[in-house]
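Notes to accompany the following structure.
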Amino acid sequence: MPELPEVEVVRAGLEPAVVGSTIAGVEVLDGRALTRHVGSHDDFTARLSGRAVTAAVRRGKFLWLLLESAAIEPAEALIGHLGMSGQLLLRAPGAPRERHERVRLAIDHPAHGELAVVFADQRTFGSLAVDALVPTADGAPGGWGSDAPLVASQAAHIARDPLDPAFDDAAFARGLGRRASAIKRVLLDQTVVSGIGNIYADEALWAARIHPETPASALSTRAVRTLLVEIRAVLQKALAEGGTSFDAQYVNVNGQAGYFAHSLNAYGRHGQPCPRCGGAIRREAFMNRSSHYCPRCQRKR
DNA sequence: ACGTTTGCCTGCTAGC
DNA sequence: TGCTAGCAGGCAAACG
């Protein structure tokens with residue numbers, strides 16, 4: 001389940017291979033991978049063919065490759081979202097098809113030669129699109145990986161993520177204060193703060209000792225500050241460990257799993273002892289998914 | 001056969 | 001009356 005740390009691992013892995021390369025060929029094996037592309041599959045292919053890649057950028061869980069744009073205005077990007085099970089893999093040219101392979105790009109790099117960039121996705125919630133770039137609202141860089149104050153239009157409504165230097169802590173606190181919804185739902189709302197999914201929401205709330213159903217507006221200033229500190233800590237630790245992998249669904253660009261699953265304190269640990277107090281971690285249905293928390297050290301209200 | 005997982009969309013309400 | 005923001009529920013798809 002790729003969230004910010006997993007997507008950043010993918011971006012960082014892609015960056016040295018694709019920046020400076022030219023897209024030499026595009027194969028669309030399954031059109032469902034292009035559901036977010038406005039235009040036909042042929043249009044997608046035509047817009048990418050021959051284009052040079054100048055940067056690999058990420059905001060929250062969105063990833064985009066800036067495309068060189070001598071004559072094209074506004075400038076464009078190849079934007080991707082991995083959804084639940086999407087993978088971007090670097091392979092040798094002519095490498096055998098991946099299981100659930102949807103799109104393959106052939107790239108040519110002046111220093112590294114030819115390479116295949118493969119988009120594979122079991123559940124097809126992920127997608128790729130060629131998208132126009134728009135100026136950022138605050139004039140700051142669009143995301144990690146580029147200084148350009150541009151963001152892919154499909155990611156323009158997505159808030160900055162908590163590891164973004166331009167993330168506005170005060171605006172985050174004001175946003176929580178306006179919302180009566182459960183804090184967990186608000187953390188999962190990518191227009192409030194991006195990059196957090198079910199795993200890191202549960203982990204950050206556990207670390208901050210906040211019950212997932214606490215109304216966001218009921219949190220004290222101090223609790224909000226603690227929560228933000230813990231969100232950043234868990235995201236950074238997961239990033240350092242290469243992300244969280246439970247199965248083959250999340251891997252880096254070389255197909256390798258991450259190690260953060262060993263560091264989880266709450267997520268997926270229902271019935272096991274809370275590492276802090278020894279009480280049993282509880283799992284509850286919430287928003288069509290599961291919340292994992294310690295009822296003893298994350299008291300409601 | 002059903003539960004699991006994700007972001008996003010839709011339709012509703014409240015308030016200015 | 002019309003707009004916006006907040007809100008909650010439900011959807012898509014594949015796999016075990």
Side-chain angles (χ1 to χ4, degrees), chain A residues 1-8 10 29-38 58-64 79-88 98-103 119-129 131 137 143 151-161 171-203 212-219 238 243-251 257-258 260-261 264 266-271 282-292:
Chain A
M1 276 83 6
E3 303 179 30
L4 185 154
E6 292 77 28
V7 181
E8 176 55 25
V10 171
L29 296 122
D30 189 328
R32 291 176 300 175
L34 304 185
T35 47
R36 296 179 66 103
H37 180 75
V38 181
R58 180 194 54 75
R59 176 188 292 208
K61 308 177 199 178
F62 278 90
L63 183 66
W64 63 92
I79 186 169
H81 195 291
L82 300 178
M84 286 182 59
S85 56
Q87 304 174 337
L88 282 166
E98 295 292 326
R99 198 162 150 74
H100 309 299
E101 181 166 334
R102 310 295 184 199
V103 177
F119 179 65
D121 187 10
Q122 179 199 99
R123 293 176 205 175
T124 68
F125 284 10
S127 66
L128 303 179
D131 191 21
V151 58
S153 79
Q154 291 187 16
H157 67 294
I158 299 296
R160 290 184 177 281
D161 62 65
F172 173 73
R174 285 195 300 275
L176 297 201
R178 273 199 302 270
R179 281 158 217 263
S181 297
I183 180 59
K184 177 158 174 186
R185 179 180 257 274
V186 178
L187 291 181
L188 295 176
D189 183 342
Q190 306 296 302
T191 66
V192 175
V193 55
S194 70
I196 302 170
N198 207 38
I199 299 172
Y200 299 113
D202 281 359
E203 290 300 304
E213 306 231 34
T214 309
S217 54
L219 294 173
T244 302
S245 302
F246 298 106
D247 47 32
Q249 295 316 331
Y250 163 68
V251 293
F260 191 74
L264 295 172
Y267 186 86
R269 299 193 67 252
H270 43 288
R282 184 177 295 169
R283 175 193 189 183
E284 260 175 33
F286 180 71
M287 284 176 69
N288 287 338
R289 58 205 88 203
S290 299
S291 275
H292 308 78

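What's counted below: heavy atoms across the whole structure, side chains too, no hydrogens, waters or symmetry copies. Lettering of chains follows the sequences in order, A, B, ..., and the numbering in each one begins at 1. Given the structure is predicted, the values throughout are model-derived calculations rather than measurements.
When rounded to the nearest whole Å, the span between CD of Q122(A) and P of dT5(B) equals 14 Å. In this structure, N198(A) places its CG atom 7 Å from P of dT5(B), rounding to the nearest Å. For the pair K184(A) NZ and dA8(C) P, the interatomic distance rounds to 15 Å; values are reported in whole Å. When the P atom of dT4(B) is taken as reference, atom CE of M84(A) falls 12 Å away, rounded to whole Å. Regarding R289(A), its CZ atom lies at a distance of 11 Å from the C1' atom of dG10(C), rounded to whole Å. One can place CE of M287(A) at 12 Å from P of dC8(B), the figure rounded to the nearest angstrom. Rounded to whole Å, atom C1' of dG16(C) lies 12 Å from atom CZ of R99(A). One interatomic measurement links the two molecules: CZ of R123(A) to P of dA14(C), which rounds to 11 Å at whole-angstrom precision.
Classified by interplanar angle (parallel below 30°, tilted 30° to 60°, perpendicular above 60°), the ring pair H270(A)/H292(A) is tilted.
Between the side chains of S290(A) and R283(A), at least one donor-acceptor pair of N or O atoms lies under 3.5 Å.
Here dA13(C) is the nucleotide among dA13(C), dT5(B), dC15(C) with the atom lying nearest to any side-chain atom of T124(A). Nearest nucleotide to the A180(A) side chain, out of dA13(C), dC7(C), dT5(B): dC7(C).
Here dG6(C) sits opposite dC12(B) as a Watson-Crick or G-U wobble pair (both hydrogen-bonding atom distances under 3.5 Å).
T35(A) comes within 4.0 angstrom of nothing in the nucleic acid, heavy atoms only. No contact: F286(A) has no heavy atom under 4.0 Å from any strand.
Where R179(A) and D121(A) meet DNA chain C, the nucleotide closest to each residue was compared, and R179(A) sits on the side nearer the 5' end. Between R102(A) and R178(A), it is R178(A) whose nearest contact on DNA chain C lies nearer the 5' terminus.
The main-chain N or O of G86(A) is found under 3.5 Å from a side-chain atom of D121(A) such that the two form a donor-acceptor pair.
Between the side chain of R185(A) and the base of dG9(C) there is at least one donor-acceptor pair of N/O atoms closer than 3.5 Å. A donor-acceptor contact under 3.5 Å is not formed by the side chain of R32(A) with the base of dA13(C).
Applying the 4.0 Å criterion to OP1 and OP2 of dT5(B), one finds that Y267(A) has a side-chain N or O inside that range. An OP1 or OP2 oxygen of dC15(C) is reached within less than 4.0 angstrom by a side-chain nitrogen or oxygen of H100(A). Put simply, S181(A) has a side-chain N or O that comes within less than 4.0 Å of OP1 or OP2 on dA8(C).
Contact between S85(A) and R123(A) at its shortest, heavy atoms only, is OG-N, 2.9 Å.
Remark: S127(A) OG to L34(A) CG distance equals 8.0 Å, nearest 0.5 Å.
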